[in-house]
Structures are given as structure tokens and as C-alpha cells.
Number of protein chains: 2
Amino acid sequence: MGKQMTEMLKGTLEGIILAFLAARPAYGYEITAWLREQGFVDIAEGTVYALLVRIEQRGLVDVEKVPSEKGPPRKVYSLNDAGRGDLEEFWTTWGFLTERLAQLKQGGR
Amino acid sequence: MGKQMTEMLKGTLEGIILAFLAARPAYGYEITAWLREQGFVDIAEGTVYALLVRIEQRGLVDVEKVPSEKGPPRKVYSLNDAGRGDLEEFWTTWGFLTERLAQLKQGGR
DNA sequence: TACCAGTAGATAGTAACACTGAATACCGGG
DNA sequence: CCCGGTATTCAGTGTTACTATCTACTGGTA
């Protein structure tokens with residue numbers, strides 16, 4: 001899709017993935033496939049991996065290498081306490097934004 | 001506010017300003033002040049001006065210089081047809097994102 | 001055997017965007 | 001005459017997602 005979506009994903013994609021990991025641990029390939037199912041058909045695989053590296057470096061997830069029946073070992077990420085804190089902050093920020101935008105869309109102040 | 005907001009604004013701030021200009025023409029300083037009223041207290045002035053330059057260069061707005069009683073002349077921006085088209089696209093993209101995020105927040109899917 | 005498709009991850013380079021910080025310009029009042 | 005408020009501009013920075021490519025392992029097939 002368009003450039004608009006690309007720009008809008010900056011900042012939100014991380015939240016989306018944290019929210020997904022809050023439900024259950026997962027690995028990169030799996031997350032990418034899920035995103036495509038959700039309609040984010042144009043998110044590049046490389047993007048997801050890069051993002052996972054970032055959130056790992058910031059200590060928001062725990063990582064475990066799990067051998068796969070097919071292909072190289074999977075890196076399974078699970079949200080830790082720091083990650084849950086970050087996710088909560090994300091929802092707060094997101095909530096503020098959606099509220100403002102909803103008002104704007106109604107033409108209202 | 002935090003870095004999260006900064007990143008989330010990428011892509012949306014432009015939509016916010018286009019939406020504002022859809023209601024009535026305005027100039028940079030005015031838009032900045034309005035944003036602060038809306039609670040976006042930490043959006044730098046430079047950011048708004050840079051954004052206005054960008055949307056002007058993309059031909060989404062018409063510009064008119066209007067002398068001010070105080071200070072240098074104002075650059076008043078008004079949304080044109082191209083801008084209205086872009087704004088519509090923005091709402092579509094935004095709608096898609098909010099829908100996905102709302103589902104995610106409900107723990108659903 | 002040799003090759004390909006599917007699974008899984010890593011990485012170097014690029015573009016876009018918001019931020020910081022400063023500079024410029026114009027006006028009125030103390 | 002300088003200072004504070006109005007108004008715009010600009011150079012430099014950091015973060016993020018994209019593109020494109022590379023590695024690695026498995027199973028099926030020609």
C-alpha cells in the first residue's frame with residue numbers, strides 16, 4: 001500500500017507486535033505471517049526481524065532458541081515485565097491519539 | 001511526552017494538519033498554538049513549519065501571504081482539491097489501522 | 001545427485017519524518 | 001533602545017520502515 005501507511009506504521013508497528021506477544025510467545029516468521037493475515041500485506045519480512053532485534057536490545061522481551069522441524073532454529077520471543085510496561089504506555093499514547101483524531105473527524109474541535 | 005508519541009505522530013501529524021485546514025485556512029503559528037491547546041504540548045514549532053513546506057511542495061495546499069499587524073507576514077495555507085483527496089486517503093488508512101488495533105486491544109484474534 | 005520451494009533469520013544501505021536549536025524579521029511598550 | 005511576543009526558516013540529528021540480498025536448514029523431485 002501507500003506511503004501513508006508506511007509512515008503511520010512507524011511507532012505503531014512496534015505496539016502491534018508487543019500486543020501480539022502479550023497474548024502468547026511467537027517467532028518472527030510467525031508474526032509476519034499473522035500480520036499478512038490481518039491485512040498488512042505489504043510489511044516486509046526484514047522489517048519485522050529488525051523490529052524484533054530492537055525490542056530485544058531494549059530488554060522488552062525474553063528470547064529462547066527453539067529447534068524447528070523445518071529450517072533453522074526459531075527465535076521465540078516472549079513479553080517480559082518491561083515489555084508489558086511499554087505496551088501499557090503504548091495503549092495510553094494510542095488512546096490519546098485516537099481520541100484527538102476522532103474529534104477532528106467529527107469536524108468538532 | 002515520550003518517544004512513543006514522537007514516533008506515532010509520523011504520518012498522522014500530517015493528517016491532523018490537513019484535517020484542520022479542511023475546516024478553514026490557517027497559518028503555521030496558529031496551527032502550532034491550536035495543537036498545544038489540543039494537548040500536543042510538545043510538538044516543536046519547527047516541526048509544523050517543516051511539515052507545511054512539505055505539503056506545499058506536494059501541491060496539497062494553496063498559499064497566500066497576508067500582512068500581519070504584529071510581526072512578519074503570515075503564510076496562510078488553504079486545502080485544495082489534491083489536499084482533500086489526500087485527506088480522504090488518510091482517513092481510510094487511519095480507519096484501517098484503528099480497526100486492527102481495536103481488535104488487538106480486545107485480546108481478540 | 002542436483003536443484004528447487006518453503007521455512008527462518010540477518011544485514012547493509014536508503015528515504016521519510018519529527019526533533020533540537022538557532023537565526024531572522026517585525027512590532028509595541030517599558 | 002532593548003525586550004517580549006508574533007511569525008518563519010534552516011541545518012543537523014535520531015528513529016523507523018523499506019529494499020534487496022545473503023545465509024541456513026529441510027524435504028521433494030527430476
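Here is how names work: the chains are called A, B, and so on, in the same order as the sequence lines, proteins then strands, and each is numbered from 1. What you see is a predicted model, and the numbers here were worked out from it, not measured in a lab.
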For atom CD1 of I43(A) and atom P of dG9(C), their distance in whole Å:
17 Å
Side-chain polar contacts of residues 55-67 of chain A - donor-acceptor pairs under 3.5 angstrom, sequence neighbours left out - could you list them?
from, atom 1, to, atom 2, distance (Å)
E56(A), OE1, K75(A), NZ, 3.4
R58(A), NH2, E14(A), OE1, 2.7
R58(A), NH2, E14(A), OE2, 2.7
D62(A), OD1, N80(A), ND2, 3.4

How many Å lie between CG on L13(B) and C1' on dA16(C), as a whole number?
13 Å
Does a side-chain heavy-atom distance below 4.5 Å link L35(A) with T32(A)?
no
Name every residue in residues 67-79 of chain B that has at least one heavy atom under 4.0 Å from any atom of DNA chain D, in order of residue number, or write none if there are no such residues.
S68(B), K70(B), G71(B), P72(B), P73(B), R74(B), K75(B)
For Y27(A), all residues meeting side-chain hydrogen bond (donor to acceptor under 3.5 Å, both in side chains), sequence neighbours excluded:
R74(A)
I'd like to know if the side chain of R36(B) reaches the main chain of I43(B), judged simply by a donor and an acceptor atom lying under 3.5 Å from each other, with no hydrogens or angles considered.
yes
Over how many whole Å does the gap from L9(B) atom CG to dC19(C) atom P extend?
6 Å
Axis-to-axis angle across the helix from dT1(C)-dA30(D) to dG30(C)-dC1(D), five pairs each end, nearest 10 degrees, ~ 30°
Where at least one partner belongs to residues 85-99 of chain B, residue pairs that pass salt bridge (charged side-chain N to carboxylate O under 4.0 Å, His left out), sequence neighbours excluded
none
Contact class for G11(A) vs. all strands (heavy atom < 4.0 Å): base, sugar-phosphate, or nothing?
sugar-phosphate
Which residues pass the ring pair (Phe, Tyr, Trp, His ring centres under 6.0 Å) test with F40(A), sequence neighbours left out?
F96(B)
Tracing side-chain links under 4.5 Å among I, L, V, M, F, W and Y, which residues wind up in one group with V53(A)?
none
Within the 4.0 Å heavy-atom criterion, would you say G46(B) contacts the bases, only the backbone, or no part of the nucleic acid?
base
L18(B) side chain near Y77(B) side chain, heavy-atom distance below 4.5 Å
no
Considering only heavy atoms from C-beta outward, does the side chain of L21(A) approach that of L87(A) to under 4.5 Å?
no
E45(A) CD - dG6(C) P separation (whole Å)
13 Å
Separation of dC19(C) P from K10(B) NZ (nearest whole Å):
9 Å
List for me each residue that meets salt bridge (charged side-chain N to carboxylate O under 4.0 Å, His left out) alongside R84(A), sequence neighbours excluded, and say none if there are none.
D81(A)
Quick check for you: name the first and last nucleotides of DNA chain D, 5' to 3', having an atom under 4.0 Å from a heavy atom of chain B.
dT6(D) to dT16(D)
Flag side-chain contact, heavy atom, 4.5 Å: R24(A) against E30(A)
yes
Per the under-4.0 Å heavy-atom filter, residues of residues 47-65 of chain A near DNA chain D come out as T47(A), L51(A), R54(A)
Those residues that, when tested against K10(A), pass side-chain hydrogen bond (donor to acceptor under 3.5 Å, both in side chains) (two or more places apart):
none
Residues in side-chain hydrogen bond (donor to acceptor under 3.5 Å, both in side chains) with T47(B), at least two apart?
none
